[in-house]
2 protein chains.
Amino acid sequence: MEKEEELLKSHITKHHLKATKERSAILKAFLDSERHVSAEALYRQMKDEGSTIGLATVYRTLNLFCSSGLAEQRRFGDGQARYELTYNVDHHDHLICKECDLIIEFENDEIEALQKKVAKENNFKVSSHRLELYGVCSECLKEKST
Amino acid sequence: MEKEEELLKSHITKHHLKATKERSAILKAFLDSERHVSAEALYRQMKDEGSTIGLATVYRTLNLFCSSGLAEQRRFGDGQARYELTYNVDHHDHLICKECDLIIEFENDEIEALQKKVAKENNFKVSSHRLELYGVCSECLKEKST
DNA sequence: TCTTACTTGAGAAGTATTATCAAAATCAGT
DNA sequence: ACTGATTTTGATAATACTTCTCAAGTAAGA
């Protein structure tokens with residue numbers, strides 16, 4: 001059994017929830033999907049492969065992943081929430097291309113350290129943060145110059 | 001006439017729009033409101049003071065403020081968009097208390113510089129960015145410990 | 001196996017925001 | 001100030017995304 005599956009199972013047991021085939025199927029599809037997938041996109045992807053699982057269940061299950069620590073919800077400007085696997089993944093931030101929706105992840109320890117400093121100066125206990133840089137990626141910049 | 005009023009007027013003239021009493025009233029209320037006000041909150045605030053301006057017009061006008069460079073739209077996790085005056089205000093980021101919704105603004109040039117560096121390394125042309133730290137403010141921390 | 005409690009799919013409902021449209025208001029040119 | 005063209009307005013419908021509701025189905029534990 002994969003580690004993600006184990007984590008989900010332990011969360012399910014701990015909270016007196018139930019292991020269902022729908023949840024396994026959605027986890028499998030989620031692990032298979034591209035990072036930053038939306039509920040709608042995951043639903044379509046599964047449907048195209050013959051699944052009959054409803055959209056509401058996909059939403060419910062993605063939220064379950066978030067509460068079990070497997071995933072995190074992100075929102076980048078466009079209305080849709082996106083979900084990304086965070087288990088065993090270091091914290092990172094995002095560069096988002098407004099032309100082609102490319103999302104690049106990056107890590108920067110110096111920025112993290114400065115954030116901690118700012119929080120301390122304001123007597124804040126920070127539980128999460130997000131940093132997003134919006135702009136145009138190199139590919140789209142090339143296209144624009146032609 | 002205040003500077004903000006002038007800026008709005010020049011945007012209106014430039015784009016062949018019309019100066020209306022509704023727009024003046026909303027601008028006045030906006031300048032008077034707390035920072036990071038939502039459309040709904042601004043609408044209620046005005047209504048409570050006797051205004052009969054519709055919610056749709058408040059939304060439209062806040063968007064107008066954004067395109068004229070007076071304001072910027074922000075989204076902090078909860079579904080609502082918030083608007084903040086940006087004219088003559090330096091760029092800044094936010095600390096958000098999840099307990100009491102307190103929002104603290106801060107500026108940090110070192111972080112800004114590091115962001116530029118990251119963008120450069122990824123050949124990104126950044127047009128905007130946002131950094132938000134979510135957590136618990138000092139007041140709420142105090143309350144929790146009692 | 002039985003019972004209880006959780007989960008499911010379908011569609012209704014909710015939330016935040018934008019679109020539609022007829023009536024009213026503003027602007028530019030006289 | 002008058003007029004006509006164009007924009008703006010308020011009310012409400014529509015939209016987009018997500019959660020809720022509920023009856024029927026299913027898993028877990030005694």
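Per chain, numbering begins at 1; letters A, B, ... match sequence-line order.
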Subject >> Interface with DNA chain C, restricted to residues 58-74 of chain B and to heavy atoms under 4.0 Å >> reply: Tyr59(B), Arg60(B), Asn63(B)
Between [N] atom [atom2] and [X] atom [atom1], what is the distance in whole Å?
{"X": "Leu42(A)", "N": "dC17(D)", "atom1": "CG", "atom2": "P", "value": "16 Å"}
{"X": "Ile12(B)", "N": "dT9(D)", "atom1": "CD1", "atom2": "C1'", "value": "14 Å"}
{"X": "Lys21(A)", "N": "dT26(D)", "atom1": "NZ", "atom2": "P", "value": "6 Å"}
{"X": "His16(B)", "N": "dT8(D)", "atom1": "NE2", "atom2": "C1'", "value": "17 Å"}

Original post:
When the nearest nucleotide of DNA chain D is assigned to Gln80(A) and to Lys18(A) on a heavy-atom basis, which residue is associated with the more 5' position?
Top reply: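 The residue whose closest nucleotide sits nearer the 5' end is Gln80(A).
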Original post:
Do the side-chain N and O atoms of His36(A) and Glu84(A) include a donor-acceptor pair separated by under 3.5 angstrom?
Top reply: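 Their side chains do contain a donor-acceptor pair, which is all the 3.5 Å distance test asks for.
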**OP:** Could you verify whether a donor N or O on one side chain and an acceptor N or O on the other, from Glu22(A) and Thr57(A), lie under 3.5 Å apart?
**Re:**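 Side chains of Glu22(A) and Thr57(A): no pair found under 3.5 Å.
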**OP:** Name the nucleic acid region contacted by Thr52(B), choosing base, sugar-phosphate or nothing; use a 4.0 angstrom heavy-atom cut-off, strictly under.
**Re:** sugar-phosphate
Original post:
Contact class for Ala39(B) vs. all strands (heavy atom < 4.0 Å): base, sugar-phosphate, or nothing?
Top reply: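 Nothing, no heavy atom under 4.0 Å.
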Salt bridge check, [Y] against [X]: does any charged N sit closer than 4.0 Å to a carboxylate O?
{"X": "Arg44(B)", "Y": "Glu40(B)", "result": "yes"}
{"X": "Glu105(A)", "Y": "Arg35(A)", "result": "yes"}
{"X": "Glu72(B)", "Y": "Arg74(B)", "result": "yes"}
{"X": "Glu139(B)", "Y": "Lys142(B)", "result": "yes"}

Original post:
For Ile12(B), does its backbone N or O pair with a side-chain atom of Ser68(B) as donor and acceptor, under 3.5 Å?
Top reply: no
Original post:
Want to settle it: does Thr20(B) or Leu55(B) sit nearer the 5' end of DNA chain C, counting the closest nucleotide to each?
Top reply: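 With Thr20(B) and Leu55(B) compared, the 5'-side residue is Leu55(B).
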Original post:
Parallel, tilted or perpendicular: which describes the rings of Phe65(B) and Phe30(B), with under 30° parallel and over 60° perpendicular?
Top reply: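 The arrangement is tilted - the two ring planes meet at 30° to 60°.
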Subject >> Heavy-atom contact window of chain A on DNA chain C, given 5' to 3' at under 4.0 Å >> reply: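 Using the under 4.0 Å cut-off, the span is dA5(C) to dG11(C).
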